[in-house]
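Beneath this line is the structure, given in structure tokens, with notes to follow.
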Number of protein chains: 2
Amino acid sequence: MTLQRKPKVIDVARLSGVSTATVSRVLNDPAVVSEATREAVLAAVKQTGYRVNRAARSLRTNTSRTILALVPNLSNPFFSNILSGLERELSAADYSLLITDSGDAKLTADHIQRYVAAGQADGLIILDGGVDLQQLEVVQSAAPTVPIVFACEWVEGFKGASVRADNAGGIRMLVDHLWQLGHRKFGHVSGPDTNVLSHYRQRAFEQHVVDLGGELRPEWILPGDFSIAAGKHAAAQVINMPEKPTAWICASDQIAFGLIAGLTEAGVRVPADVSVTGFDNIEMTEVFNPPLTTIHQHRNKMGNEAARRLLAQLHDYETEVNTPTVMPVYLVERQSTGPVSKKVEMCSP
Amino acid sequence: MTLQRKPKVIDVARLSGVSTATVSRVLNDPAVVSEATREAVLAAVKQTGYRVNRAARSLRTNTSRTILALVPNLSNPFFSNILSGLERELSAADYSLLITDSGDAKLTADHIQRYVAAGQADGLIILDGGVDLQQLEVVQSAAPTVPIVFACEWVEGFKGASVRADNAGGIRMLVDHLWQLGHRKFGHVSGPDTNVLSHYRQRAFEQHVVDLGGELRPEWILPGDFSIAAGKHAAAQVINMPEKPTAWICASDQIAFGLIAGLTEAGVRVPADVSVTGFDNIEMTEVFNPPLTTIHQHRNKMGNEAARRLLAQLHDYETEVNTPTVMPVYLVERQSTGPVSKKVEMCSP
DNA sequence: CAAGGCCGTGTAATCGATTACATATCCTCC
DNA sequence: GGAGGATATGTAATCGATTACACGGCCTTG
């Protein structure tokens with residue numbers, strides 16, 4: 001219990017009467033050491049309170065046991081959910097999680113290299129679909145042994161692993177749900193047009209409405225950016241439309257909140273006059289008035305899965321590196337959707 | 001452009017015709033090197049694309065330039081906001097941010113030591129007020145040179161820095177606001193009773209209502225846990241109260257959402273029949289129906305400030321280590337509060 | 001002009017763990 | 001009984017940067 005300097009392998013070795021090599025072996029590859037020695041060493045480890053010095057280990061093995069997550073905006077709860085899943089899985093495998101927030105700035109190869117080339121990270125998890133493909137390829141060719149896995153978002157054309165939600169499937173579920181309620185005229189408020197999720201959701205929307213034989217008009221597709229403000233802005237436009245869809249599929253829950261708030265303010269009732277759906281099933285959807293029909297995705301599990309795929313690549317037992325993992329999503333029916341109403345047209349001011 | 005093995009100091013040294021010592025000096029303490037040499041070395045650094053190997057540096061200097069953040073629940077957007085502020089400040093100072101999620105498990109000295117004793121972190125930012133004081137003290141005495149800063153939450157009795165919001169001040173603003181609207185009978189839905197923020201908010205509530213001469217009854221203080229569910233549960237109790245407060249101050253926005261949802265469902269109108277306030281000003285407060293009167297705190301800035309205080313301690317220029325930094329908060333008036341209504345009693349079923 | 005100081009730089013030890021290679025012991029089987 | 005193999009352990013080199021110490025040159029000053 002005397003507080004000395006930090007114990008090192010040599011201290012453990014002396015105490016247990018073996019060499020440093022043996023101590024190291026007990027810690028890294030116990031099977032090669034005889035049981036008696038192993039126990040003696042472990043006892044000495046416990047007694048001294050020894051912990052390997054990560055810097056020394058990293059230097060020698062050229063490995064950091066650390067994964068870097070690149071997040072476009074840490075404040076965004078979506079990302080933190082994924083991070084949470086990541087962290088659990090990584091720490092269980094004795095890996096640490098380093099996080100950097102690319103912030104407003106576009107992520108550059110240089111920024112990533114600050115970590116990778118310095119040997120600070122053995123692998124990368126990228127939550128930011130806005131990275132430039134060329135920059136990514138620079139990183140890949142400079143550090144070919146450092147695996148990269150995309151989680152949630154991804155970059156089209158990137159050669160490597162990704163874990164994503166079934167965005168198209170989710171949209172189809174929503175359209176089907178509304179279709180069954182009798183809706184035939186659909187509108188969409190989209191996400192930011194630089195975002196890959198926006199594209200997938202919008203494309204699936206258009207495709208599926210057409211496939212079902214519903215009515216689809218270009219002016220019923222409004223641009224947005226996943227935010228509440230975008231939803232409010234869309235509401236202002238909707239109100240002035242001469243002819244309106246009876247159902248709006250929004251690219252995010254937040255857009256739906258804004259849209260509903262704006263419509264409600266203008267006297268349009270949801271779902272009596274018009275149905276609205278979200279995407280993501282954030283916590284608030286349940287308590288919003290009306291509770292929002294939306295798509296739920298397990299962001300935590302996406303984090304887990306991304307971590308698993310990364311570790312698999314690190315340990316060379318991943319076979320299908322380039323195949324994306326598509327995680328299932330679920331329809332959550334609440335009260336923002338209802339049977340189509342005949343009097344929608346009359347609600348225009 | 002030929003892709004070789006990673007360049008090292010020795011490569012830079014050779015290219016610029018100096019010794020490794022000089023290269024290192026240019027990088028770490030440029031002032032001691034003559035201008036001509038410095039420029040030559042920097043040119044060679046650029047040409048080779050050299051980056052210091054962090055592991056080697058860490059090993060030699062016994063320093064990691066990495067800060068560990070201990071988060072009780074990464075999924076919680078509050079924490080991620082603080083992390084965001086932290087990350088910006090740290091990365092500007094060329095520090096990296098390592099994150100661990102204590103999860104459901106209570107944080108132990110052992111868990112922290114996994115990082116600290118291994119030399120993975122030079123300092124700690126703790127966002128979890130639920131750590132055991134004794135465990136903390138174990139860490140402090142085992143690693144007296146590793147500074148610890150609490151952000152947002154904190155542990156009573158801990159000797160060290162903390163950065164917090166003015167929780168009591170925020171509650172007083174809310175009570176004052178309601179008082180001016182004519183309210184005299186106040187209720188409170190509290191946070192988890194293990195949480196230091198809950199205590200501060202509840203105590204400030206009781207104190208200030210008494211100071212103003214309002215009515216305070218023990219049965220008007222309901223236990224909760226910051227969640228929507230807690231608010232809903234509180235609503236069920238409120239509805240059956242023979243005599244009710246005219247205003248409810250909730251320990252979090254989420255509680256307020258749940259409470260309002262529950263009350264609305266039971267036919268109680270907010271704010272016509274009863275006023276309700278939240279705490280935190282999360283994004284949804286604005287679009288909730290009715291928009292929530294609440295207290296705003298700059299979580300990002302708390303992160304910044306915590307990082308600054310930590311760096312100050314690391315670089316030995318912090319003077320008042322034990323004084324908490326209390327960040328100001330702001331009242332945001334929206335539509336969940338209104339003048340006291342005389343007919344509240346009649347709304348009981 | 002010699003002594004002393006300062007400045008800029010180089011040499012080589014050092015941080016703490018891992019691991020290639022060498023060695024020692026014991027067993028098996030012809 | 002000895003060759004050969006398997007098993008367990010030790011010795012010492014190594015990872016890449018930092019830095020104590022030493023050194024040489026130049027300037028100042030009595």
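What's counted below: heavy atoms across the whole structure, side chains too, no hydrogens, waters or symmetry copies. Since the structure is predicted, the reported quantities are computational estimates derived from the model, not experimental observations. Below, chain A is the first sequence line, B the second, and so on; all start at residue 1.
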What is the separation between atom [atom1] on [X] and atom [atom2] on [N], rounded to the nearest whole Å?
X: B/Asp29; N: C/dC7; atom1: CG; atom2: P; result: 13 Å
X: A/Ile10; N: D/dG10; atom1: CD1; atom2: P; result: 11 Å
X: B/Gln120; N: C/dG16; atom1: CD; atom2: C1'; result: 15 Å
X: A/Arg14; N: C/dG16; atom1: CZ; atom2: P; result: 13 Å

Original post:
Got a sec: does the CD of B/Glu156 have more than 12 other heavy atoms crowding it under 6.0 Å?
Top reply: yes

Subject >> Enclosure of A/Glu35 CD (heavy-atom neighbours >12, cutoff 6.0 Å) >> reply: no

Examine [N]: is either OP1 or OP2 under 4.0 Å from a nitrogen or oxygen in the side chain of [X]? Give yes or no.
X: B/Thr22; N: C/dG10; result: yes
X: A/Asn28; N: C/dT18; result: yes
X: B/Ser34; N: C/dT9; result: yes

Can [X] and [Y] be counted as having a side-chain donor-acceptor contact under 3.5 angstrom?
X: A/Asp11; Y: A/Thr48; answer: no
X: B/Thr66; Y: B/Gln120; answer: no
X: A/Arg309; Y: A/Thr325; answer: yes

Subject >> A/Ser96 to B/Arg114 - nearest heavy-atom pair and separation >> reply: OG-NH2, 4.5 Å

Original post:
Any idea which heavy atoms bring A/Gln297 and A/Ala165 closest together, and the distance?
Top reply: OE1-CB, 3.1 Å

Original post:
At under 4.0 Å between heavy atoms, what does B/Val33 touch on the DNA or RNA strands: base, sugar-phosphate, or nothing?
Top reply: sugar-phosphate

Subject >> B/Ser24 backbone acceptor or donor facing B/Asn28 side chain under 3.5 Å >> reply: yes

Original post:
Any sub-3.5 Å donor-acceptor pair from B/Ser16's side-chain atoms to B/Val12's backbone N or O?
Top reply: yes

**OP:** Decide side-chain contact (heavy atoms from CB on, under 4.5 Å) for B/Ile125 and B/Leu70; before the verdict, give the C-alpha distance in whole Å, the side-chain angles of both, and the deciding distance to 0.1 Å.
**Re:** CA-CA 6 Å; B/Ile125 304 255; B/Leu70 301 158; over 6 Å; no

Any protein N or O atoms within reach of nucleotides 21-28 of chain D? Criterion: under 3.5 Å, listing atom names and distances.
none

Original post:
Can a cation-pi geometry be assigned to A/Arg164 and A/Phe150, taking NZ or CZ under 6.0 Å from the six-membered ring centre and within 45° of the ring axis?
Top reply: no

Subject >> Base-pairing string, 5' to 3', of DNA chain C - Watson-Crick or wobble, under 3.5 Å, | interstrand >> reply: ||||||||||||||||||||||||||||||

Original post:
Does anything in residues 37-65 of chain A reach DNA chain D, meaning a heavy atom under 4.0 Å, and if so which residues?
Top reply: A/Thr37, A/Leu59, A/Arg60

Subject >> Nearest-nucleotide pick for A/Val18, side chain only, options being C/dT19, C/dG8, D/dG10 >> reply: D/dG10

